[in-house]
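Structure first, then comments.
Chain identifiers are assigned alphabetically (A, B, ...) following the order of the sequence lines, protein sequences preceding nucleic acid strands; residue numbering begins at 1 within each chain.
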Amino acid sequence: MLDPARMDDVLRRGGDVGAAVAAWRALDETRRRLQGQLDGHRAARNAANERMSKLDKKSPEFASARDELKALSTKIKEGEATLATIEAESSQKLLLLPNAPDASVPVGADESANTVLHVWGDKPTYDFQPQAHWDLGEALGILDFEAGVRIAGARFTVLRGAASKLTRGLINFMIDLHVGVGYDEVWPPAIVRRASLRGTGQLPKFEHDLFRLALPEGPDHDPDNDLFLSPTAEVQVTNLYADHIFEAGELPRSFCAYAPCFRAEAGASGSDTRGLIRQHQFDKVELVKFVAPETSYAELEKLREDAERVLQTLGLHYRTVTLCTGDISFTSAKTYDLEVWLPGQDRFREISSVSNFEAFQARRAKIRYRAATGDKPRAVHTLNGSGIAIGRTIVAILEQYQQADGSVVVPAALRPYVGGLERIVRS
RNA sequence: GGAGGAGUGGCCGAGUGGUCGAAGGCAGCGGUCUUGAAAACCGCCGAGCGCAAGCUCCGGGGGUUCGAAUCCCUCCUCCUCCGCCA
């Protein structure tokens, strides 16, 4: 949730955000006025009730006071109903306002305004025409797109043999790497409640991107009990500490988690329909940090390095870009994307996204901390980054490590995780 | 899935219609004492909104009442037993 004190900063995003901010401000003004009136009435009722508790219940004073209070009580109920409506409307508007970009984020309308932070490694050269992973994978018999369609439909893929083994190995490889530099490992549920998604900012705005479970619903069905397939472990791990107050000295806390991710990808029809890039279900190791606000930008750089270490250890050529105001997500204050080189497609593709959300998620999910014992709780800052997407890592390995004969060399660092497999060949 | 029981502040726990944001204990913080620590004693000690006065919060939502932690309905969660099961 955007901090109302940051309303001016959010305008840097441009577009129609200005109108939304103005609408919220007007509503909030009304809300505060009504709240003041209502509080006055409630104070009167509380005082009167206290006097009443001392009266003889059979006395005529009691009876007349009760009749008077009944009128006041009715007025309060009406006020409460009105206020509830305004509050619901106001908080709905606030929930739909995006995060304010950090001052260091370049201004721009779309990805063309993103800036390259650095490039790691050299573009590998081939003395043959490099193939796209979908051709390589099918030829090797390890990516079975047809079977995925048969079982579950478009945008699902069956991984066979070495691709399956690579998935298992990559999950362990990445988690071990992160645990080695101080992350705590967790294995969360794959299904999440509506409140969790609201906490991290996927809801209420992006429900169309999610798979919701169609459970039997009675007449008293409460939408708050709806369940969704999680689109990213960011949701589960961040909500690990929803409604929690960290004590002084407990921060920063860093976690890594593997979880399958599910995205409806509504509106993405026609793009990336080939291969493993954009699937309804994919695997990802996620990194999440809870930190004190004054440290969050230093932590963002460390988090970026932790994600980059995965690609470096695997020897994959990539670049890091700073997303501009028009390209950062709804919830982010600043985001770096790691883009891995895909020679088969002659382009860089996003493989990890690393963001500082500042207090945006913490305010929604009520994740707080005390700077010192006895202090008032304040919202923490949360950060997360892919550490990293498994499917796209397989894509990058297949494309960057491909050989003239159509086989693929397994990166040395990964071999201990795949039973010593050195090369993927057609079996 | 069936039958019972229970959800109160960081934790334990009292409170069954009125002066209760809520006894008491533990933990924590400050102090006295002590060379220091422990013990003992004294004080402080939930969160949110509001400039403030003040208001709200006793699992969530709804209802009854002048007034609800307390009564009613409903949902959620936990515990015990039975059933089923990787």
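- Pairs passing the salt bridge (Lys or Arg N to Asp or Glu O under 4.0 Å) check and including a residue from residues 6-25 of chain A, sequence neighbours excluded, read A:R6-A:D9, A:R6-A:E358, A:D8-A:R25.
- Rounded to the nearest Å, the gap between the P atom of B:G43 and that of B:G54 is 25 Å.
- With distances taken from any side-chain atom of A:R31 to the nucleotides B:C49, B:G67, B:G18, the minimum falls on B:C49.
- The listed nucleotides are B:C76, B:U19, B:G67; the one nearest the side chain of A:E50 is B:U19.
- Across all strands, A:K376 comes closer than 4.0 Å only to sugar-phosphate atoms, never to a base (heavy-atom distances).
- In this structure, A:I76 places its CD1 atom 15 Å from P of B:U65, rounding to the nearest Å.
- Within the nucleic acid shown, A:R370 comes within 4.0 Å of sugar-phosphate atoms alone, with no base atom in reach, counting heavy atoms only.
- Summarising the geometry, the separation between CG on A:N46 and C1' on B:G18 is reported as 12 Å, rounded to the nearest angstrom.
- Only the P atoms considered, B:A40 is 36 Å distant from B:C58, to the nearest whole Å.
- Across B:C66, B:C55, B:A47, the shortest atom-to-atom separation from the side chain of A:R368 is found for B:A47.
- Nucleotide B:A6 is matched to B:U77 when pairs are restricted to Watson-Crick or G-U wobble geometry with both distances under 3.5 angstrom.
- Classification of the A:Y258-A:W187 ring pair by plane angle, with boundaries at 30° and 60°, yields tilted.
- Partner assigned to B:C57 is B:G46, using Watson-Crick or G-U wobble distances below 3.5 angstrom.
- Pairing for B:C41 goes to B:G31, judged as Watson-Crick or G-U wobble with the two contacts each under 3.5 Å.
- Taking the six-membered ring for Trp and the full ring otherwise, A:F360 and A:F330 have centroids separated by under 6.0 Å.
- Taking atom P on both nucleotides, B:A6 is separated from B:G59 by 14 Å, rounded to a whole Å.
- Between A:R193 and B:C76 there is no side-chain polar atom (N or O) within less than 4.0 angstrom of OP1 or OP2.
- Applying the 4.0 Å criterion to OP1 and OP2 of B:G67, one finds that A:S73 has a side-chain N or O inside that range.
- Atom CG in A:L34 sits about 15 Å away from atom P in B:G50, given to the nearest Å.
- Between A:D67 and A:K70 there is no salt bridge, since none of the side-chain N atoms of the basic residue sits less than 4.0 Å from a carboxylate O of the acidic one.
- B:C71 and B:A86 have their P atoms separated by 43 Å, given to the nearest Å.
- Put simply, CZ on A:R45 is 14 Å from P on B:U65, counting in whole angstrom units.
- Between A:S90 atom OG and A:R32 atom CZ the span is 10.5 Å, to the nearest 0.5 Å.
- A:D67 places its CG atom 13 Å from the P atom of B:U65, with the value rounded to the nearest Å.
- Between A:R378 and A:K77, the residue anchored nearer the 5' end of RNA chain B, judged by the nucleotide with its closest heavy atom, is A:R378.
- Pairing of B:C71, defined by two Watson-Crick or G-U wobble distances under 3.5 Å, is identified with B:G63.
- The gap from the P atom of B:G48 to that of B:A52 amounts to 14 Å, rounded to the nearest Å.
- Across the strands present, B:G1 finds its partner in B:C82; the criterion is a Watson-Crick or G-U wobble pair with both atom distances under 3.5 angstrom.
- Taking the six-membered ring for Trp and thresholds of 30 and 60 degrees, A:F246 and A:Y241 have ring planes inclined between 30 and 60 degrees apart.
- The CD1 atom of A:I245 sits 7 Å away from the P atom of B:G10 (whole-angstrom rounding).
- Atom P of B:G62 sits at a distance of 40 Å from the matching atom of B:C29, rounded to the whole Å.
- Nearest nucleotide to the side chain of A:N49, out of B:G54, B:C66, B:A47: B:C66.
- Distance check on atom P: B:C45 versus B:G10 gives 15 Å, rounded to whole Å.
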Mind listing the side-chain donor-acceptor pairs of residues 163-177 of chain A below 3.5 Å, one per line with the distance, residues two or more places apart or on another chain?
residue	atom	partner	partner atom	Å
A:T167	OG1	A:A163	O	2.9
A:D176	OD2	A:Y417	OH	2.7

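- Taking for each of A:D39 and A:M52 the nucleotide of RNA chain B with the nearest heavy atom, the 5'-most of the two is the partner of A:D39.
- Across all strands shown, B:G17 forms no Watson-Crick or G-U wobble pair with both distances under 3.5 Å.
- Taking the P atoms as reference points, B:A53 lies 31 Å from B:G63, given to the whole Å.
- B:A52 atom C1' lies 13 Å from atom CZ of A:R32, rounded to whole Å.
- Taking atom CD of residue A:E29 and atom C1' of nucleotide B:G50, one finds them 12 Å apart after rounding to whole Å.
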